[in-house]
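The chains referred to below are lettered A, B, ... by the order of the sequence lines, with proteins before strands, and numbering in each begins at 1.
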There are 2 protein chains.
Amino acid sequence: MTATPQGAVLSATLEKIREKARLLRIYSMCATTAAGSGHPTSCLSAAELMAAIFFQAMKFDPANPNSPAGDRFVLSKGHAAPILYAALAEAGAFPVSRVMTLRQFSSELEGHPTPLVPGVDAATGSLGQGLSVGAGLALGARANKSSARVYVLLGDGEMAEGQVWEAAAFAAHYQLDNLTAVADVNALGQSERTMYRHDTEVYREKFAAQGWETEVIDGHDAAAVIAALERARSVSGRPQAIIARTEKGHGVSFVADKEGWHGKALSKEELQRALAEMGPIPEIPKDDGKSYARKSLPVPADFPPPAAPDYQPGQGVATREAYGTALKKLGAVNPKVVALDGDVKNSTFAETLEKAYPDRLYQGYIAEQNLVSVGVGLAAQGLVPFVATFACFLSRAYDQVRMAAISRSNLNLCGSHCGVSIGEDGPSQMGLEDLAMFRAVPGATVLYPSDGVSAERLTEAAARRPGICYLRTSRPKKPAVYSNDEKFPVPGFKVPRQSGNDRATVIAAGVTLHEALQAYEELKAKGIAIRVVDLYCVKPLDGAALGEQVRATGGRLVMVEDHYPEGGLGEAVLSALAARGTALAAVRHLAPHRVPHSGKPEELLDAFGISARHIVAAVEQFQ
Amino acid sequence: MTATPQGAVLSATLEKIREKARLLRIYSMCATTAAGSGHPTSCLSAAELMAAIFFQAMKFDPANPNSPAGDRFVLSKGHAAPILYAALAEAGAFPVSRVMTLRQFSSELEGHPTPLVPGVDAATGSLGQGLSVGAGLALGARANKSSARVYVLLGDGEMAEGQVWEAAAFAAHYQLDNLTAVADVNALGQSERTMYRHDTEVYREKFAAQGWETEVIDGHDAAAVIAALERARSVSGRPQAIIARTEKGHGVSFVADKEGWHGKALSKEELQRALAEMGPIPEIPKDDGKSYARKSLPVPADFPPPAAPDYQPGQGVATREAYGTALKKLGAVNPKVVALDGDVKNSTFAETLEKAYPDRLYQGYIAEQNLVSVGVGLAAQGLVPFVATFACFLSRAYDQVRMAAISRSNLNLCGSHCGVSIGEDGPSQMGLEDLAMFRAVPGATVLYPSDGVSAERLTEAAARRPGICYLRTSRPKKPAVYSNDEKFPVPGFKVPRQSGNDRATVIAAGVTLHEALQAYEELKAKGIAIRVVDLYCVKPLDGAALGEQVRATGGRLVMVEDHYPEGGLGEAVLSALAARGTALAAVRHLAPHRVPHSGKPEELLDAFGISARHIVAAVEQFQ
């Protein structure tokens, strides 16, 4: 397993890789010292690995570094960004001088990689996500019938993250033989030695237990690295893990394998001492200030309109079910639409797509973190992924969603079973913080349909929109509110009930829209008119238009949502109105204020204060 | 490995366990049919396992089911709740008749277990968390010098969750030989067969690769189960995994190993058919309506005051550093205070506690999900855990925090490195959604100190408060704002600058408080007075008192936060004011509105709109 057939590597190749490794070390140290911060020792351990990947193994076109035809690379240990930038520069994607702008506000070369950098597909820096992204890229390459391979460089510290093993299981299950993981086992974490130190055999066993091809090598033996990468390319039917024993700070005597050097740049004096150990130092010109940031990032490709919604007036349908119907219709007109499932496809209705197109649902089993990051990889390959699970379980992948936003990923997510309206399963299955989560994702679109028509239209909107799109669907069947030809612009809202004499505006969405409509009838019977707003698009929010509605009812406002009161629909409305200076005369915010309980859906809507009865009472309190 | 020494188990014991398994099956089916929903087939696969754990292996006192002296049990596959309730009832914790109230609004026996049920320590139902909770319970038992053992029942579907393997690594690292995991490998997930179906060897290899003692058994062979549990108890130095091959729906011919039966109760007619296969059916009396919900849940024990803060006027200190100092001082007066670290203790300053008390920091390495759930287990054993990592990486464990709240856990979390003020590391390392996350946790306390004194006082407050407490700390060193004897009640806020002639109220916290204080000086030089509010307690929030401040400045309000605009300090304030009907004349909300970038902290505060300059400009716009 640890054979290093040095003789098999041509000496010219070997010399080239050794020299590239030497240069990558030099550039990494110079850049971090210039920045005054960063992780040079984490770069030094990876120099031979990076050199062999970039200059021997990968098909890489520096003129088109993000071309799907080329092999892909993911730096899962994102804090080693300087050596990635050095490799990209040395490969010709931008000048080496640019690497010296590392971490400056004016530079696209940030402390951790983002897709603004040519050649980068996804942001890394939250550890343990890169192998999932790589699996998504590899799966996407296969879906695109591309022969491109995917390389992922992992740190040993991050292999403590469970997501790495979710990804390993997933990649083996899908037999992703176009995926190679290279583990840089330098045995030093940030604050102390890693759990397994240099016990490379533990990592090998873990990958082997998942069904990977595995090999342990000396990560500073360039010939061994080259040979291992070559062997990996010849493996068929399964992904390959190369476990490389390395030394943090390798190549610089006074930092090598020393604790206390994580995330510290060398001082200028220390840099000189280090460079003196490195052989001839190339001249690095001064940066000319020209940005090499990618001019444009991928947006979802256009596609023809899908079949229109087709519901009978008053027909009962759950928005989760309409989501599945919409996916199937989108699938018919857009071959890039795919679904990712966490073994709940019969609850989210992602199975409706699978039944029509069996190869377009990827089963990720119960591993939400991996699901989301695989979605980022698929999106980077031009697919239009929809990740769906219960809304509450997307909280399992909030960090991955956060990184997807930094990745500027065109990723769609659907959270079903939101709120107390799911009933008997109880609080662990209720998504009551998902609006807060997704609203706090920069640039995200947050959609919340209330009937079959809006659910189908908004699913289509998500497939067309760039960035993170979140769809919140509900479990209960509810009657259609809208006719089949109704359109749902984003941003936007509907006003299904209004008059010139409304006592209050009631803003609702999803199941609470139905409660509001019932409250409208009950109040009407008492001679009280209300305006009902369906806030189907929670973010972005057209505050000016919304403010007009509220002003028209004298600034009297009831907000009702099946979500905790913090960060959801109500606070979205308050923020939008405050920004526009809309005067509020009286506000009632109805929402579950404590951990809910099992019970019948109607019982819970009432017990947690968001049923029609509570809306009626709130409006009646307004004079 | 699969030996089943049947002869070693006494026949009387064997008969008892078989009969208990039979009864648990009957009760589980009757309860779910009575409820009209639930997961009977997931119970049927676990009947012999549950019977042997509860009636042979565990020391369990039904009169004191949550006593720390007794062995602990965690049902990680929480959807099998009915069989847990059946086992607790059969053991005498409450009458069997009570099990038949399953999932009713009036019953403490919810769809998934919560600690309201006698004998339950932590809520389960979000899969893959139970082994971490169990590791925390086992570690807590050891810390308490208790000989109690911990049993965790896992499903095979949930073993796709990476957290299970984080927990497995952690438990092996800490040599938790008082922890036994029992895996119910029934090969059927919710929507299809599991990834590994009945390949028990894969699970065994995965546990073995982590250093566990492992054994594969037939999970319906009661003698084999009893013998395996006995052998597990004799293992020293490492945790034990019993991999049990089972059949979903075992014991009922027409559901056994059938797809399409997950999460479905039998109809009344189907139940009769099933019971006809089960032998004699005991009479189950009608429930008398008496609740067996635990009357009180644990709260943190009281402790003497720690040493007071000791800062010089104007002394620069980062709140993250003061957090470490506070932990050390708390450690001196409260032996239950422990820290959990994700290999960032030198950044969060949890190492300050470790340096003083080396055995009171648990190193969890880079595995935040496990860290948080281990914390829940430790808290359930009466310890006072503080989990700390970068604020952004707590997003990795949001589901675990959510479940901790449903667990009514007394868990403290500290997120360091919040906001753009961290500087050069860039957006992947910036916590900009943590306030939104933690505000949307029901009952949580959210604290945000701005200087050393407030950081120390608020850390103490967290240690004393029940429920989830979140402390948000910052990277930059900032001068002391408060004198060492200042008190910080929760809820509460400070008004460090005010006059009778203030043009606006500026509400800030953490680093933005320092920007607000600078803006105060700049505006003062221009002859404009402002009121500065330090909202050190973001939740709960005293809206009435805050409203008075805002009213005193004519309803003119600037809110400035180093957090995305959604769900943070600003929306907390708007909600609190709206609830009280506080009229707002003009509002400006300063916050980073897009994905940030690397750069110097001051550069970023300014570029993302939250520096003193922006506050000055906002106030000057008010007339």
Peer 1: Report which part of A:Pro592 has an atom under 4.5 Å of a heavy atom belonging to chain B: side chain, backbone, both, or neither.
Peer 2: neither

Peer 1: Could you tell me which portion of A:Leu127 (side chain, backbone, both or neither) has an atom closer than 4.5 angstrom to a non-hydrogen atom of chain B?
Peer 2: both

Peer 1: Would you please say whether a donor-acceptor pair under 3.5 Å links the side chains of B:Glu424 and A:Ser37?
Peer 2: no

Peer 1: A:Ala586 versus chain B, heavy atoms under 4.5 Å apart: side chain, backbone, both or neither?
Peer 2: neither

Peer 1: Should B:Arg439 and A:Glu571 count as an ion pair when the cut-off is N to O under 4.0 Å?
Peer 2: yes

Peer 1: I need the residue from B:Ala607, B:Gly599, B:Gly581, B:Ala440 with the largest number of non-hydrogen atom pairs under 4.5 Å to chain A.
Peer 2: B:Ala440

Peer 1: Measure distances from A:Met430 to the heavy atoms of chain B and classify the residue's part below 4.5 Å as side chain, backbone, both or neither.
Peer 2: backbone

Peer 1: Please look at B:Tyr564 and chain A and tell me whether the side chain, the backbone, both or neither of the residue comes under 4.5 angstrom of a heavy atom of that chain.
Peer 2: side chain

Peer 1: Is there a side-chain contact between A:Ser191 and B:Val344 (heavy atoms, below 4.5 Å)?
Peer 2: no

Peer 1: Go through the structure and list residues passing salt bridge (Lys or Arg N to Asp or Glu O under 4.0 Å) with A:Glu108, not counting sequence neighbours.
Peer 2: A:Arg98

Peer 1: With rounding to the nearest 0.5 Å, note down the distance linking CD1 in A:Ile406 to CG in B:Leu432.
Peer 2: 8.5 Å

Peer 1: Can you say whether A:Ala169 sits under 4.5 Å from chain B via the side chain, the backbone, both, or neither, judging by heavy atoms?
Peer 2: both

Peer 1: Compare every heavy atom of B:Gly426 with every heavy atom of A:Glu110, then report the nearest pair and how far apart it is.
Peer 2: OE1-CA, 4.4 Å

Peer 1: Heavy-atom pairs under 4.5 Å with chain B: which of A:Glu351, A:Glu368, A:Lys600, A:His39 has the most?
Peer 2: A:Glu368

Peer 1: To the nearest 0.5 Å, how far apart are CG in B:Leu584 and CG in A:Leu584?
Peer 2: 8.0 Å

Peer 1: Is the closest side-chain heavy-atom distance between B:Glu433 and A:Phe438 below 4.5 Å?
Peer 2: no

Peer 1: Is there a side-chain contact between A:Gln429 and B:His79, using heavy atoms and a 4.5 Å cut-off?
Peer 2: no

Peer 1: Spell out, as yes or no, whether a donor-acceptor pair under 3.5 Å connects the side chain of A:His597 to the backbone of B:Ser107.
Peer 2: yes

Peer 1: Shorter than 4.5 Å, heavy atoms on both sides: which option in B:Lys206, B:His173, B:Glu566, B:Gln210 has the most such pairs with chain A?
Peer 2: B:Glu566

Peer 1: Pick from B:Asp399, B:Val401, B:Thr194: which one has the most heavy-atom pairs with chain A under 4.5 Å?
Peer 2: B:Asp399

Peer 1: Which residue out of B:Ala167, B:Gly157, B:Gly36 racks up the most heavy-atom pairs below 4.5 Å with chain A?
Peer 2: B:Gly157

Peer 1: Only counting residues at least two apart or in another chain, list the ones meeting salt bridge (Lys or Arg N to Asp or Glu O under 4.0 Å) with A:Glu205.
Peer 2: none

Peer 1: Nearest 0.5 Å please: distance from the OG atom of A:Ser395 over to the CE atom of B:Met403.
Peer 2: 9.5 Å

Peer 1: Using a 4.5 Å cut-off on heavy atoms from C-beta on, say whether the side chain of A:Gln163 contacts that of B:Gln369.
Peer 2: no

Peer 1: Measuring heavy-atom distances to chain A, does B:Leu574 have an atom under 4.5 Å in its side chain, in its backbone, in both, or in neither?
Peer 2: both

Peer 1: Hey, does A:Asp425 have a side-chain heavy atom less than 4.5 Å from the side chain of B:Arg103?
Peer 2: yes

Peer 1: Kindly indicate whether the side chain of B:Glu192, heavy atoms from C-beta on, has any atom under 4.5 Å from the side chain of A:Tyr365.
Peer 2: yes

Peer 1: Whether the side chain of A:Ser598 engages the backbone of B:Gln104 through a donor-acceptor N/O pair (distance < 3.5 Å, no angle test) should be reported.
Peer 2: no

Peer 1: With respect to chain B, which residue among A:Gly38, A:Cys392, A:Gly263, A:Ala81 yields the maximal number of heavy-atom pairs within a distance under 4.5 Å?
Peer 2: A:Cys392

Peer 1: Under a 4.5 Å heavy-atom cutoff, which of B:Gly211, B:Ala436, B:Gly342, B:Ser575 has the most pairs with chain A?
Peer 2: B:Ser575

Peer 1: Measure distances from A:Glu201 to the heavy atoms of chain B and classify the residue's part below 4.5 Å as side chain, backbone, both or neither.
Peer 2: neither

Peer 1: Can you tell me how far apart CZ (A:Phe393) and OG (B:Ser126) are? Round to the nearest 0.5 Å.
Peer 2: 5.0 Å

Peer 1: Identify which part of B:Asp341 has an atom lying under 4.5 Å from any heavy atom of chain A, answering side chain, backbone, both or neither.
Peer 2: side chain

Peer 1: Where does B:Met195 contact chain A at under 4.5 Å (heavy atoms): side chain, backbone, both or neither?
Peer 2: both

Peer 1: Between CZ of A:Phe105 and CD of B:Glu602, what distance do you get to the nearest 0.5 Å?
Peer 2: 12.5 Å

Peer 1: Any idea which of B:Gly125, B:Ala572, B:Ala35, B:Gly567 has the most non-hydrogen atom pairs under 4.5 angstrom with chain A?
Peer 2: B:Gly125

Peer 1: Pick from A:Lys539, A:Arg588, A:Arg594, A:His589: which one has the most heavy-atom pairs with chain B under 4.5 Å?
Peer 2: A:Lys539

Peer 1: Heavy-atom cut-off 4.5 Å, strictly under: side chain, backbone, both or neither for A:Arg580 against chain B?
Peer 2: neither

Peer 1: Between A:Ala397, A:Ala160, A:Gly568, A:Gly443, which residue shows the highest count of heavy-atom pairs closer than 4.5 Å to chain B?
Peer 2: A:Ala160

Peer 1: If we only count heavy atoms from C-beta on, is the B:Arg408 to A:Val595 side-chain gap below 4.5 Å?
Peer 2: yes

Peer 1: Heavy atoms only, distances under 4.5 angstrom: which of A:His563, A:His262, A:His593, A:Gln129 has the most pairs with chain B? Name it, please.
Peer 2: A:Gln129

Peer 1: Checking heavy atoms, do the side chain of B:Phe170, its backbone, both or neither come under 4.5 Å from chain A?
Peer 2: backbone

Peer 1: Counting N and O atoms only, with roles assigned by atom type, does the side chain of A:Glu166 sit under 3.5 Å from a partner on the main chain of B:Gly162, one being a donor and the other an acceptor?
Peer 2: yes

Peer 1: Using a 4.5 angstrom heavy-atom cutoff, name the option from A:Pro596, A:Ser347, A:Ala208, A:Gly555 with the most pairs to chain B.
Peer 2: A:Ser347

Peer 1: Which bit of A:Leu557 comes within less than 4.5 Å of chain B, counting heavy atoms only: side chain, backbone, both or neither?
Peer 2: neither

Peer 1: What pair of heavy atoms forms the shortest contact from A:Ala578 to B:Val587, and how long is it?
Peer 2: O-CB, 4.0 Å

Peer 1: Relative to the ring of A:Tyr398, is the ring of B:Tyr398 parallel (under 30°), tilted (30 to 60°) or perpendicular (over 60°)?
Peer 2: tilted

Peer 1: Measure distances from B:Pro113 to the heavy atoms of chain A and classify the residue's part below 4.5 Å as side chain, backbone, both or neither.
Peer 2: neither

Peer 1: Judged by atom type as modelled, is there a donor-acceptor pair below 3.5 Å linking the side chain of B:Arg402 to the main-chain atoms of A:Ser428?
Peer 2: yes

Peer 1: Does A:Asp343 use its side chain to pair, donor to acceptor, with the backbone of B:Gln190 at less than 3.5 Å?
Peer 2: yes

